[in-house]
Every structure is written in C-alpha cells, then in structure tokens.
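Structure first, commentary second.
Throughout, a chain's letter reflects where its sequence line sits, starting with A, and its residues are numbered from 1. The analysis underlying the following values was restricted to heavy atoms, covering all of them including side chains, and did not include hydrogens, waters or symmetry mates.
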Amino acid sequence: MSTQEQEATQNLTLVQSVRDALATEMELDDDVLVMGEDVGKNGGVFRATEGLYDEFGENRVIDTPLAESGIIGTAVGMAAMGLKPIPEIQFSGFAYPGFDQIVSHMARLRTRSRSRYTLPMVLRMPYGGGIRAPEHHSESKEAFYTHEAGLKVVMPSTPYDTKGLLISSIRDPDPVVFMEPKLIYRAFRGDVPEGDYEVPIGEAKTRREGSDVSVFTYGAMTRPTLEAAEELAEEGIDAEVVDLRTVSPMDREAIVESFKKTGRACVVHEAPKTGGLAGEITATLQEEALLYQEAPIKRVTGYDVPYPLYALEDYYLPNAARVADGIKEAVEF
Amino acid sequence: MSTLERDPGDGMVQVLDEEGGVVGDVPDLSEEEFVAMYRHMKLARHFDERAVSLQRQGRMGTYPPLSGQEGAQVGSALALAEDDWMIPSYREHGAALVRGLPLKQTLLYWMGDERGSLIPEDANVFTPAVPIASQVPHATGMAWADKLKNDGDTDRAFICYFGDGATSEGDFHEGLNFAGVFDTPNVFFCNNNQWAISVPRERQTASETLAQKAVAYGFEGVQIDGMDPLAVYKATTEALEKAKNPGEGERRPTLIEAVQYRFGAHTTADDPSVYREDEEVEKWKAKDPIPRLERFLRNQGVLDDERVAAVEESVREEVADAIDAAESTVRPDPSSMFEHVFAEQTPEIRRQAEEFARLREEYGDDAFVEE
C-alpha cells in the first residue's frame with residue numbers, strides 16, 4: 001500500500017465502517033462471505049451489508065432462512081471446511097436460539113478436535129439500548145460470551161476501530177463475537193482509512209489521559225463516559241478514560257497500569273451489574289494492584305432488571321450524569 | 001423404481017428378510033466386499049461388548065453402546081466414496097472404524113482423553129458432537145461450503161448421523177431446512193433405534209414415520225430396514241449418488257430413516273430394564289443384522305465355519321490390541337488443557353497455565369489426582 005493510499009480517508013459512521021470492513025475483506029479474500037436474515041437484497045436491517053449483494057453476488061451475501069441456530073450452526077460447518085463466514089444476528093437479543101451453537105460448538109471445536117478444525121468465523125450482532133426499540137432489542141449480554149472459553153469478544157466504540165477490529169476479527173483464526181454498539185451506529189462520523197488495516201484484538205485504548213481516577217468502559221458507553229470526564233475537568237477532576245475495545249481477551253495490563261497511576265477507579269457498562277464485566281475488572285484490580293487503591297471501586301451499570309420498554313430506558317441506561325456521579329464518588333471518598 | 005422414489009408409506013426398503021433370505025435386489029458387491037462388511041460388523045459388535053465390559057470394570061468412563069445398530073452403521077459407511085464426509089453422533093464407532101478411525105482413538109475418547117478426538121488427516125470423519133442434533137446444521141454447512149467452493153458443483157457428499165430423539169430438536173429442522181433451501185449434497189441418516197434414553201419413538205413425534213418429515217423440507221425421505229445391512233447399503237449408495245449428481249428436477253438431500261433397535265442401554269449410565277420390556281428386546285434381537293448377513297453369505301457360499309472362525313479370531317485380536325494400546329497410553333500432559341483453546345494463548349490463559357505449573361511444581365501431582 002502506498003503512502004498516499006494509506007492517507008486516503010473517508011468520513012464514515014460506525015455502521016458504514018462495518019460495511020466498509022466487510023467489503024474490503026471480501027474484496028481481498030474470496031473465502032469471506034456474509035450470511036443471515038435480510039443481509040442480502042435488503043442490505044441488513046441496519047444497512048451494515050448495504051450494496052454487498054450487488055457487488056459480490058448471492059453466493060457470498062446470503063439471505064438465509066430465519067433461524068439463528070441454523071445460521072450459526074451452518075456457519076460452523078462452513079468454517080470447518082475452510083470458508084470464513086460472517087453470520088449476522090439481527091439483534092443480540094435474538095441470539096439465544098443459537099446459543100447452543102455458539103457455546104457448545106463455535107467456542108469448542110478447536111479444543112474438541114485438538115486443533116484439527118479451527119473456526120475462522122465472526123458472529124456479528126448489534127447490541128445495547130437507547131434506540132427506542134421493542135422488547136428484546138436492547139440487551140447487552142457480553143458477559144455470556146466472555147464467560148465462554150474459546151471465544152473472543154470485541155466491542156468497538158469508534159468508526160476507525162470498528163473497521164480495523166472487524167478486519168482483524170475476520171483474519172483471526174479463531175471465532176470472534178463482534179458486538180456492535182447500535183446506539184452509536186449513526187451518532188457521529190469519524191475518519192476511516194480506505195483500504196485495509198488492522199486494529200489488534202485484545203488491546204485497550206486510552207481515550208483521555210488523566211491523573212485522578214481511571215474510568216474503564218467500552219462500546220456505546222465510551223461516549224457518555226468521555227462527556228462526563230470533560231464536564232468533570234471543569235470541576236478540577238482529571239479522569240483517565242480507558243476504552244477496552246476487546247472485552248475478551250481483556251487488556252488486564254492496561255487496566256492495572258492505569259489504576260496504579262490514579263489509585264481510583266470507576267467502571268461503566270450498560271449491562272446489568274450482577275455478573276457483569278465491572279465485577280471482573282474490579283476483581284482484577286484487587287488481585288493485581290490492591291496496595292495502590294485509594295478508594296472503593298465504583299460500578300456504574302445497567303440495573304439488575306429486565307431491560308425496560310423504552311418509556312423508561314433513559315432511566316436504565318447510564319448517561320453522562322450517572323457516570324459523572326460515579327466518578328465523583330470514587331474521587332471524593 | 002429407485003429406492004429413493006418410493007413413498008415412505010410403501011413400507012420399508014428391505015433386501016434380506018429376518019432369516020437372511022433374499023427379498024430385494026442384492027447390491028453388486030464382490031465376495032471380498034461382502035466379507036469386509038461382515039467383518040466390520042463383527043468387529044463393531046465385539047468392540048462394543050468389550051467396551052461395555054471395560055466400563056463395568058472401571059477401566060473406562062460412560063460409554064454409549066451400539067449393539068444392534070451394526071447393520072446401519074457399517075452398511076451406510078461402506079457406501080461412502082473416499083472423498084465423502086461423515087458427520088457422526090457419539091454412537092457411530094462402528095461407522096467411524098469403517099472410515100479409518102482407529103479403535104484406540106474411540107477408546108481413548110471414552111476413557112476421558114482428549115487425544116481420542118484426534119482424527120487422522122486421511123479419515124474424512126468430523127469430530128463427534130454430544131449435544132443432540134447440533135451436528136445436523138454443521139453437516140449442512142460443510143456440504144454447503146463444498147458446493148460454494150466448487151461453483152455449485154460438487155463431487156462429494158456429506159452423511160450426517162443422528163438418532164430418533166434428534167428429530168425433535170430445532171437443529172434437526174434448521175439443518176434440514178437449510179439443506180433443502182440451498183440444495184446441499186447431504187444425506188441425513190436417522191438411526192431410529194426406538195428409544196431416546198427412556199422415551200420411546202412415539203413420544204418424539206406424532207408423525208407416522210420419521211422419513212416423511214423430509215416432505216416438509218422439499219426432498220425425499222425413505223424408510224429402510226436398518227437391521228438389514230444390504231438395504232442400508234443400497235439406499236445410502238443411491239442417496240449419496242443423488243447428492244452428487246441429482247437428476248433433472250431432483251433435490252440433492254435425502255433423509256433416510258433406518259428402523260432398528262439398540263439392544264443395550266443408551267449409555268452405561270442407564271438401565272433399560274426400567275423403561276422397556278424384555279419381550280420387546282427379544283423380538284428385535286430376532287432381527288439381529290449379524291446372523292442375518294452371515295446366513296445370507298453362507299447360503300451364497302461366501303462364508304463357511306472356517307472363514308467365520310478366522311474372522312472371529314482376527315476381530316478378537318484387533319480389539320485386544322486396541323485396548324492394550326489405549327490402556328498403555330500415558331495420561332495426557334495436564335498442561336495440555338490450556339492448549340487448543342485459541343491458535344495462540346491469550347495473556348490470561350498463559351498466566352493461568354503458569355500458575356497451574358507452579359502449583360504442580362510445589363505440591364506434586366499426587367496432591368491433585370484422585371486415585
């Protein structure tokens with residue numbers, strides 16, 4: 001790739017960067033294909049596969065029957081035979097009919113076959129709330145997948161990372177669950193290089209340097225967290241914001257290093273509190289950096305209730321005000 | 001009329017009656033092939049009896065017996081061409097041995113050693129799945145991938161095995177539905193052995209036959225006598241051929257319902273006398289595929305007492321050798337559990353592996369291993 005090409009960028013929304021990553025990788029590798037309900041002619045309900053059907057044809061952009069287990073299970077078979085399928089589940093809340101295929105087979109086939117079969121597949125699913133969707137369209141259940149050995153779980157927060165991480169995921173020899181923050185599918189645009197590039201799986205990114213408190217977050221919650229950090233800066237609180245980008249494997253080193261610097265932490269995610277990843281991050285800090293700790297670690301999360309219908313979702317979903325309150329609690333202890 | 005064109009309602013496809021008499025068209029097999037079929041079945045039976053015995057002696061873990069199903073397993077596996085693929089359930093040890101999976105591997109797997117899952121590169125056998133019917137979509141995906149890679153053409157077929165209980169699962173429906181829609185080169189082989197652990201076939205479905213379910217997916221279903229190895233061979237051969245070279249207007253996939261019986265338990269963990277009558281078992285034992293084929297081959301002059309004795313002796317030796325080999329295999333290296341999770345270990349798995357190594361070093365394996 002020439003320097004000039006490398007510098008060529010486009011200004012894309014996050015969902016456009018998903019499409020751009022798919023098109024880029026499909027162009028480069030004939031084994032890559034996308035499949036799922038409505039991904040073909042319709043271009044996906046969120047338009048993540050828009051135009052790919054015309055560009056690559058019905059054998060590489062496949063409209064399947066409406067059947068999550070069938071979509072994921074046949075993708076497992078395809079991947080075992082050397083293709084690189086990218087099944088799409090329309091909403092993460094609909095993945096459960098395919099859950100057995102995800103945890104019993106997608107995650108385990110390498111182990112079960114002693115690495116004879118690897119599954120270079122990426123299971124894409126939009127997750128999370130805040131878009132006024134019906135019941136079962138807003139869940140944030142990344143903890144299910146991070147709890148399962150054998151799966152990598154990626155949750156990007158910017159258009160640039162989305163393209164680079166999705167390309168890395170497609171090239172990864174192991175199965176990846178790629179959870180897309182649909183709240184910010186179109187909330188803003190960002191510069192995205194043309195052509196292919198990788199953002200490595202498993203590396204966190206410090207979005208804002210700070211010295212008073214470390215705030216750990218990922219996906220759609222990165223934005224309200226940064227917003228809260230900027231607000232608090234005006235009040236004299238200097239928060240460091242670390243975007244995990246990949247929740248499994250988690251970049252424990254980055255988390256611990258940031259905490260050692262600040263001695264205080266707040267973890268933000270929209271998933272329910274109990275059994276959520278904030279608990280995992282907190283436990284990691286207890287194990288690795290207890291003596292650096294200056295205050296209790298604060299968790300700002302969704303509540304342990306079924307995701308409410310949208311009349312109440314603004315109260316459920318952490319926003320900048322709640323995040324700021326949580327950060328202050330960690331700082332003012 | 002081809003076997004596959006028969007309506008399931010026409011009754012089961014049969015070549016040999018229960019006495020080994022010929023009632024259908026005998027497949028065109030050489031004397032050596034007939035003897036090989038017989039030997040594979042005897043091998044599967046003897047292996048099975050020894051495996052159950054090993055479990056009872058505490059030398060092996062839970063094991064799913066296959067006795068009674070040799071005709072279906074061996075007859076269908078022998079129909080496969082070299083390049084064809086087999087996607088088994090956890091009970092197809094007899095079919096897998098035909099495809100070149102060493103008996104030692106099967107023993108190791110049920111002895112709890114992951115290395116039992118290492119299938120030789122030249123054996124086109126997929127790693128067995130334990131959850132019921134979940135391998136059906138895999139088989140469809142594998143066949144579909146082959147077709148996609150070859151621009152819609154394929155010269156390989158993919159046979160997938162499952163039981164009668166599996167036909168109640170969503171994955172059975174989803175796998176067959178995708179196969180019909182995408183016209184994949186699949187043969188779905190249902191080993192209807194009448195019992196899903198303790199629940200009878202009648203509790204799985206109100207359908208008259210399992211084969212007729214194929215109608216819902218737009219391709220043929222055929223019900224065959226699963227304890228007649230020649231009927232199995234014949235129907236499977238035709239289904240595999242159609243998967244590769246469908247006729248005008250034909251769909252590639254086929255659902256075969258092989259009606260049969262498992263003589264023993266579902267696994268060594270259940271007691272079949274709790275849920276079924278001895279009379280029923282005896283009735284089905286009269287249909288045992290092995291004496292049936294033996295009688296036929298004796299009538300043909302292919303087998304005699306001497307040849308049968310030679311087969312029995314060689315089968316006993318082969319199984320004994322496999323048991324010796326499996327039992328003399330040293331236990332797997334405990335650190336191997338951290339391998340084969342990902343192509344490359346993640347930092348956290350590496351840390352856990354290091355901690356595990358330290359614990360073993362400090363306390364010794366005796367502190368962990370129950371005797």
Point to revise | Leading residue by heavy atom contact count with chain A [cutoff under 4.5 Å; candidates B:P131, B:G116, B:A143] | key: B:P131

Revision key, fill the gap. When the 4.5 angstrom heavy-atom criterion is applied to A:N59 and chain B, the contacting part is both

Practice item. Output the distance between atom CZ (A:R114) and atom CD (B:E114), rounded to the nearest 0.5 Å. Key: 4.5 Å

Check your understanding: When you look at CZ of B:F356, are more than 12 heavy atoms from neighbouring residues, nucleotides or ligands closer to it than 6.0 Å?
Key -> yes

Check your understanding: In terms of heavy-atom proximity below 4.5 Å to chain B, should A:I71 be classed as side chain, backbone, both, or neither?
Key -> both

**Study point:** B:E344 atom CD: more than 12 heavy-atom contacts under 6.0 Å
**Key:** no

Point to revise | Donor-acceptor contact present, side-chain A:R116 to main-chain B:P120, <3.5 Å | key: yes

Check your understanding: Any side-chain heavy atom of B:E348 sitting closer than 4.5 Å to one from A:S248?
Key -> no

Review point. When you measure from the side chain of B:S117 to the backbone N and O of A:S113, does any donor-acceptor pair fall under 3.5 Å?
Key: no

Review point. Which answer fits A:A75, side chain, backbone, both or neither, if we ask what part of it has an atom under 4.5 Å from a heavy atom of chain B?
Key: neither

Review point. Between the main-chain N or O of A:M81 and the side-chain N or O of B:K149, is there a donor-acceptor pair closer than 3.5 Å?
Key: yes

Practice item. Return the option, out of B:Q135, B:E174, B:E121, B:R115, with the maximum number of heavy-atom pairs under 4.5 Å with chain A. Key: B:E174

Exercise for review: Could you have a look at A:R108, A:K152, A:R60 and say which one has the most heavy-atom pairs with chain B under 4.5 angstrom?
Suggested key: A:K152

Practice item. Would you mind reporting whether A:T74 and B:F182 have side-chain heavy atoms less than 4.5 Å apart? Key: no

Point to revise | Enclosure of B:R358 CZ (heavy-atom neighbours >12, cutoff 6.0 Å) | key: yes

Check your understanding: Side chain, backbone, both or neither: which part of B:K147 has a heavy atom under 4.5 Å from chain A?
Key -> neither

Exercise for review: Write down the atom of B:V125, the atom of A:Y117, and the distance for their closest heavy-atom approach.
Suggested key: O-OH, 3.3 Å

Check your understanding: How many angstroms lie between atom OG1 of A:T118 and atom NE2 of B:H340, to the nearest 0.5 angstrom?
Key -> 12.5 Å

**Study point:** Which portion of A:M106 sits near chain B, non-hydrogen atoms under 4.5 angstrom
**Key:** neither

Review point. For B:I119, is it the side chain, the backbone, both or neither that has a heavy atom under 4.5 Å from a heavy atom of chain A?
Key: both

Study note, to complete from the structure: Value for OG1 (A:T111) from CZ (B:F342), rounded to nearest 0.5 Å, stands at 8.5 Å

**Study point:** Portion of A:P173 that has a non-hydrogen atom of chain B nearer than 4.5 angstrom
**Key:** side chain

Review point. Any side-chain donor-acceptor pair under 3.5 Å between B:H138 and A:Q101?
Key: yes

Check your understanding: Looking only at heavy atoms, what is the nearest atom pair of A:P65 and B:F178, with distance?
Key -> CD-CZ, 3.7 Å

**Study point:** Contacting moiety of A:S69, where chain B heavy atoms sit under 4.5 Å
**Key:** both

Review point. Can you tell me if NZ on A:K205 sees more than 12 non-hydrogen neighbours from other groups inside 6.0 Å?
Key: no

Review point. With only heavy atoms counted, which part of B:V341 is less than 4.5 Å from chain A, the side chain, the backbone, both or neither?
Key: both

Review point. So do B:P347 and A:E253 actually touch side chain to side chain, heavy atoms under 4.5 Å?
Key: no

Check your understanding: So do the side chains of B:R351 and A:R252 get within less than 4.5 Å of each other, counting heavy atoms only?
Key -> yes

Practice item. Would you name the heavy atoms of A:H105 and B:S134 that are closest together and state the gap between them? Key: NE2-OG, 2.7 Å

Review point. Within a radius of less than 6.0 Å around CG of B:D151, do more than 12 heavy atoms belonging to other residues, nucleotides or ligands occur?
Key: no

Practice item. Hey, could you give me the CD1/CG distance between A:I72 and B:D171, rounded to the nearest 0.5 Å? Key: 10.0 Å

Check your understanding: Does any heavy atom of chain B fall under 4.5 Å from the side chain of A:D251, the backbone, both, or neither of them?
Key -> neither

Check your understanding: If you tally heavy-atom pairs under 4.5 Å against chain A, which of B:I349, B:T346, B:L148 wins?
Key -> B:L148

